Amino acid sequence: MTDSKHTVNFTTPRKFIKTFKKDCKETFFPDDPFGKFRHDKPLQKIKKTIQYFIPIFEWLPRYNLHLFRYDVLAGITITSLAIPQGISYAKLADLPPIIGLYSSFVPPLIYTVFGSSNNLAVGTVAACSLLMHETLGAVVSSKDDPTLYLHLIYTSTFFTGIFQTALGFCRLGILVDFLSHSTITGFMGGTAIIISLQQMKGILGLKNFTTRTDVVRVIQAIFHNRNEWKWQSFVAGLVFLCFLQVARYVRQRKPNLFWVSAISPMAVVAVGCLYAYLGHGEQHGIAIVGDLKKGLNPSSIHYLNFDSRYLPATIRAGVVTGLISMVEGIAIGRSFAIIKNEQIDGNKEMIAYGFMNIIGSLTSCYLTTGPFSKTAVNVNSGCKTPMANVVQGFCMMLTLLFLAPIFSYTPLVALAAIIMSAMLGLINYEEMYHLYKVDKFDFAICMAAFFGVSFGSMDIGLLLSVGLSLLRALLYVARPAACKLGRLPNTSLYRDTEQYPETMSLEGILVLQLGSPVYFANCSYIRERILRYINEEDAVTEYRTEHILLDLSGVASIDMSGIDTFIELIRVLKGKHIKLGLVNPRIEVLEKMTLAKFVDVLGKQAFYLSIEEAIQSCRFTMDTSTKEEALGSSKTEDVV
């Protein structure tokens, strides 16, 4: 055995307070946001803290006219998309169309102050609009009591804001990670299907329709009311939809012509308004939006309804839509930030979303976030800072003050075509196929969300998908990865024998690598798996296993159940005349083992810094044992 300059460090375990603070920091402040100015002067600390929590104070002092030119163009462009989308999604939630315009005025201004993304464009989204209608519509009919329904929408938006703000301030962005990429892909695809089918009401000019959202009920409603079909509405809808899809195709083929797709919804609304006004569309079966009054957002604080009869529904709608909109907005913001080599803070984004929904609920707005379509247009238009949202808010203010009545002639069929065109772009077939090729379980999670939303409800789809995701996580926890290591020829590297078949086994020594924390949920499995490895090794080799080495480099933590399991393992191995050695235990693991007196049970000599050192020690022990046996045998022969 060769001497080593370095050995396993058996230092005195750290105090609980120190480790607890470290764990809390890693859990709630993994990005160490205050580390940058920890050593600054007090006034600088105060200044930078304010800039951290209110990002506008960070970028506004550096703002100039050059940046403003880009943001003005981007702001005007996204306004042209926000007007038709705002009206469309408000109708999707069965709200007065003017609410959709209100929701594109105040929230963008709030986000400009508190948001950390330079790219995000704020507005309403289809999925959450439908989910709010589905959840609250089950309690109060939007047709029978539209006033109460509207008040519950405001209340739900208020709870959304409270929920998002609380998550942001408590640094609980980790909860967002439970909605995996597969879940979001399937959920968005299923939502796109049901929303597109529901637009057949507007495309066909139907007056009676189901309030259910599943595919089967919607298709039944379409054919059950076929006597209401209006061919004029269908033709107009088909023309509008084809135009929007062609504009979308042009943008995909020629990215420089992004503006064609950006202004196409406004063009559809403009043409539809002219047709409805000049051609008296209502007389030919083309229904229109109806009255839109001038004026800015009125206060709605006195409309918030906390009646105990409706409180469960409003809280449920607020939390679910808040989580979905938050995940969507943060994911979109991060995606575009990566493209521009920028960073956004997920927890600050939650606070920004929360504030704009709280203030929005008090100013006649409903739920808003960062929709993909508007954000993509914003980026392609050349936005540089959140000032583009201020320009959008200013343009929307002018629209509300002077132009709102013009849009009262917007045909419902035009809005249906706009929504359907937007939804068709949310069905990501390529990503679903990619999931199928790479990971079948991820594909199953995606399909659970897709079919659950399509044939059940949005809640069912989310629960099924998240349930499968958690089941998968539990399987990873309860059945952690472990592998047998062998030495690569002519090297001192030890790698997985299954991945590298050319590795060489070591006579009498079994090296195993554990790759997860060891605690109550998996310790029994780990013990049984180690014993099975020993039996398998003895069955395929001529020599008996004398030493087993466990590489603990990948074991981040251990609990008392895990330590007790190792003690049991030592007893079992002792009965088989096998010695246990541990390689490179991490500080958290070694501290627990020291405090639990496990180090005394196993012996410090059984802890090694590297696999090579451990193997040399084992070979030295085996050689010594062989010599002693040979010497003992020789003495016996001499006596005889």
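Predicted model only: the values in this text are computed from it and were never measured.
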- Glu588 bridged to Lys592 by N-O distance under 4.0 Å: no

Subject >> Salt bridge present between Lys576 and Asp538 (N-O < 4.0 angstrom) >> reply: no

Hits for side chain to side chain donor-acceptor pair (under 3.5 Å) against Asn428, two or more places apart or cross-chain, chain-then-number order -> none

The complete set of side chain to side chain donor-acceptor pair (under 3.5 Å) pairs with one or both residues in residues 54-63, sequence neighbours excluded, reads Tyr63-Asp71

Contacts satisfying side chain to side chain donor-acceptor pair (under 3.5 Å) that involve residues 552-575 (not counting sequence neighbours) are Arg527-Glu568, Asp551-Ser553, Ser553-Asn584

Taken to the nearest 0.5 Å, the spacing of Ser516 OG from Asn522 CG works out to 5.0 Å

Rounded to the nearest 0.5 Å, the CZ atom of Phe57 sits from the OG1 atom of Thr49 at a distance of 13.5 Å

(Q) Under 6.0 Å between ring centres: does that hold for Phe10 and Phe607? (A) yes

Between Pro107 and Cys365 the two heavy atoms that sit nearest each other are CD-SG, 3.8 Å

Heavy atoms of Gly322 and Thr160 approach each other most closely as CA-CG2, 3.5 Å

- Determine whether more than 12 heavy atoms belonging to other residues, nucleotides or ligands lie under 6.0 Å from atom CG of Leu311. yes

Open item on the list: Within a 6.0 Å radius of atom NZ on Lys440, are there more than 12 heavy atoms belonging to other residues, nucleotides or ligands?
Closed with: yes

Compute both the distance and the angle, then confirm whether Arg472 meets the cation-pi test with Tyr476: under 6.0 Å from the six-membered ring centre, within 45 degrees of the axis. no

Regarding Glu349 and Ser116, do their side chains bring together a donor and an acceptor under 3.5 Å, going by distance alone? yes

